[in-house]
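Below, all heavy atoms of this structure are taken into account, side chains as well, without hydrogens, waters or symmetry copies. So that the names make sense, note that chain A is the first sequence line, chain B the second, and so on, each numbered from 1. None of the values given here were measured: they were computed from a predicted structure.
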There are 2 protein chains.
Amino acid sequence: MNSNPATTTPTSGAGATEVAPASSPTFSPLYQQIKALITQGLESGEWKPGEIIPSEVELAARYKVSQGTVRKAIDELAADNLLVRRQGKGTFVATHNEDRVQFRFLRLLPDDGDVHPHVSRLLECKRLRAPAEIARQLDLKPADPVVLIKRLLQFDGETTVFDEIWLPGAVFRGLTAERLAEYKGPLYAMFETEFGTRMIRATEKVRAIAADPSVAELLNVAEGFPLLSVERVSYTYGDRPVEVRRGWYVTTGYYYQNDLS
Amino acid sequence: MNSNPATTTPTSGAGATEVAPASSPTFSPLYQQIKALITQGLESGEWKPGEIIPSEVELAARYKVSQGTVRKAIDELAADNLLVRRQGKGTFVATHNEDRVQFRFLRLLPDDGDVHPHVSRLLECKRLRAPAEIARQLDLKPADPVVLIKRLLQFDGETTVFDEIWLPGAVFRGLTAERLAEYKGPLYAMFETEFGTRMIRATEKVRAIAADPSVAELLNVAEGFPLLSVERVSYTYGDRPVEVRRGWYVTTGYYYQNDLS
DNA sequence: CAGTGGTCTAGACCACGTG
DNA sequence: ACGTGGTCTAGACCACTGT
């Protein structure tokens with residue numbers, strides 16, 4: 001269990017009977033090791049999104065640690081949005097499917113606060129060789145195959161967002177315009193259920209830019225109109241980048257919401 | 001200690017000897033009550049920003065609970081950035097002064113990733129009666145006194161940000177242009193040390209807009225130039241709003257950073 | 001009722017920082 | 001050497017959800 005350099009033998013540490021925290025350089029707490037083991041189970045597909053994972057008592061037995069240690073590991077994984085606790089029921093693998101919190105990755109809200117469902121209009125879905133910049137961001141070799149998706153989002157009938165989405169071709173083998181068109185629900189839900197790739201976190205760079213002619217036409221605004229430019233890189237398990245997304249947002253009647261805390 | 005409706009008498013609950021969790025409607029965990037008590041101490045000024053608070057053992061004794069319960073309360077307060085734990089030293093009240101993480105509230109970063117210190121240029125600081133919209137956001141009565149600060153931020157010599165900052169006059173009594181000019185360091189550090197008001201969290205609404213003539217001149221850009229408009233409302237203890245800030249950002253060579261997790 | 005996560009306690013030992 | 005927070009355990013009971 002304990003993979004620290006100094007300790008492999010159970011000692012009398014911490015009132016424990018099975019394992020003991022190491023007492024030397026590069027000390028790693030037991031619960032972090034458990035956290036890594038559970039993450040491994042998620043990544044390997046042992047427990048799939050939406051499914052329940054073994055109870056705390058079971059995991060404690062499996063890993064030969066106390067329930068409290070498993071609890072702390074799960075606590076952190078839940079804080080990272082990898083797991084979801086439900087009292088009385090169990091602990092579940094987080095999913096983009098039934099989470100009513102799908103707005104974790106879409107920060108554009110209407111000024112009047114109402115909840116308008118949005119509609120996606122697919123423009124294009126093609127495969128090509130990665131441009132240098134995209135390859136760099138996706139951690140691919142230049143000219144590796146990638147998928148490029150272009151789409152519009154309409155909020156309440158108004159065309160508000162234009163997206164260019166770049167995905168590694170190797171991971172998204174078999175992704176076609178047809179399958180995209182068929183699928184109902186959020187893109188990330190599809191990626192998760194159809195391609196086994198779950199988006200964990202993302203970083204965004206936001207800028208104000210002037211609409212160029214092509215984008216202006218798509219979004220029904222004048223050339224030079226101020227748009228929000230949003231460059232997103234999304235990561236999956238192990239902090240591996242698996243999506244680069246460039247969005248152009250019309251922010252009249254809508255705003256990009258952010259909470260600093 | 002326990003303020004639940006059903007329980008005031010110590011029972012034999014949870015292996016405890018002093019208190020017990022309630023067993024009825026509107027149940028509130030002990031550690032949350034402790035959390036509230038500690039927050040109260042912060043708000044009342046018993047422990048000031050930068051100071052150390054009593055050790056976990058001391059607090060446990062004071063509140064007649066176990067150290068583990070105090071620990072959980074402090075854990076959450078640390079997660080909320082109200083406290084800072086330092087192993088071997090103690091637990092401290094968070095401060096905007098010596099935190100090297102002052103970029104929690106300034107999300108504008110240069111494209112090249114370098115760390116350019118920014119310089120503030122005060123344009124104006126006057127007192128007036130709150131416009132209706134500002135009064136609403138600050139939870140004041142219309143025409144209540146407010147302070148309005150206008151300033152520019154220069155990054156590496158370039159004028160990049162224009163800010164209009166609205167503060168409740170009652171709280172910021174004695175805030176003048178002179179005192180602002182004197183003070184070195186972040187604005188929030190000054191608010192904290194000089195006016196006893198600590199900013200805890202904020203929400204921002206970001207939009208792309210065209211520069212109007214007056215702002216264009218201040219920022220050295222053409223009229224109509226795309227700017228990032230950032231509307232911030234900041235809150236202090238008890239989620240009371242104490243600042244409304246409107247910022248205009250030039251995002252050429254800079255971007256607004258956001259992390260979705 | 002049994003099983004799950006949630007709370008609480010008590011006590012041990014470890015790692016860190018400072019005398 | 002001592003005090004601080006950090007980790008780990010063991011065991012009890014509570015709250016919630018299903019059978």
In residues 45-54 of chain B, which ones come under 4.0 Å of DNA chain C, going by heavy atoms? none
Heavy atoms under 4.0 Å, any strand shown: does B/R86 hit a base, just sugar-phosphate, or nothing? sugar-phosphate
Using 4.0 Å as the upper bound for N to carboxylate O, is an ion pair formed by B/E43 and B/R240?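 Looking at B/E43 together with B/R240, the answer is yes, because their closest N to O distance falls below 4.0 Å.
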Salt bridge check: are A/E194 and A/R179 linked by an N-O gap of less than 4.0 Å? yes
Which one, [options], comes nearest to the side chain of [X]?
| X | options | result |
| --- | --- | --- |
| A/S55 | C/dG5, D/dG5, C/dC8 | C/dG5 |
| A/T69 | D/dT9, D/dG6, C/dG5 | D/dT9 |
| B/S66 | C/dG5, D/dG6, C/dC8 | C/dC8 |
| B/P29 | C/dT4, D/dC8, C/dC8 | C/dC8 |

d([atom1], [X]; [atom2], [N]) in whole Å:
| X | N | atom1 | atom2 | result |
| --- | --- | --- | --- | --- |
| A/Q32 | C/dA15 | CD | C1' | 14 Å |
| A/L59 | C/dG3 | CG | C1' | 15 Å |
| B/I74 | C/dC8 | CD1 | C1' | 16 Å |
| A/E58 | C/dG5 | CD | C1' | 13 Å |
| A/K64 | D/dA10 | NZ | P | 13 Å |
| A/Q67 | D/dA12 | CD | P | 13 Å |
| A/I34 | D/dG6 | CD1 | P | 20 Å |
| A/D75 | D/dC8 | CG | P | 13 Å |

Using the side-chain contact (heavy atoms from CB on, under 4.5 Å) criterion, which residues pair with B/Q257? Sequence neighbours excluded. A/T203, A/K205, B/L109, B/Y255, B/D259
Among residues at least two apart in sequence or on other chains, which ones pass side-chain contact (heavy atoms from CB on, under 4.5 Å) with A/R136?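 Partners of A/R136 by the side-chain contact (heavy atoms from CB on, under 4.5 Å) criterion, ordered by chain and then number, come out as A/E133.
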Is the ring pair A/F172/A/F195 parallel, tilted or perpendicular, if the boundaries are 30 and 60 degrees? tilted
Should we count CZ of A/R173 as having more than 12 external heavy atoms under 6.0 Å?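 Result for CZ/A/R173: open.
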Phosphate OP1/OP2 of D/dT7 contacted by A/K72 side-chain N/O (<4.0 Å): yes
Assert yes or no for the condition that the ring centre distance of B/Y249 to B/Y254 is strictly below 6.0 Å.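 That pair fails the under 6.0 Å test.
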Would you kindly check whether a donor in the side chain of A/R85 faces an acceptor in the base of C/dG6, or vice versa, at under 3.5 angstrom? no
Atom pairs under 3.5 Å, N or O on each side, protein against nucleotides 16-19 of chain D: can you list them with distances?
residue	atom	partner	partner atom	Å
D/dC16	O4'	A/Q87	OE1	3.0

Show the atom names and distances, to 0.1 Å, of all donor-acceptor pairs under 3.5 Å that link a side chain in residues 45-53 of chain A to residues at least two apart or in another chain.
residue	atom	partner	partner atom	Å
A/E46	OE2	A/R62	NH1	3.4
A/K48	NZ	A/G45	O	3.2
A/E51	OE1	A/K48	N	3.1

Quick one: side chain to side chain donor-acceptor pair (under 3.5 Å) partners of B/E76, sequence neighbours excluded?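 Expected list: B/K35.
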Among B/H96, B/E243, B/R198, which one satisfies side chain to side chain donor-acceptor pair (under 3.5 Å) with B/Y188? B/E243
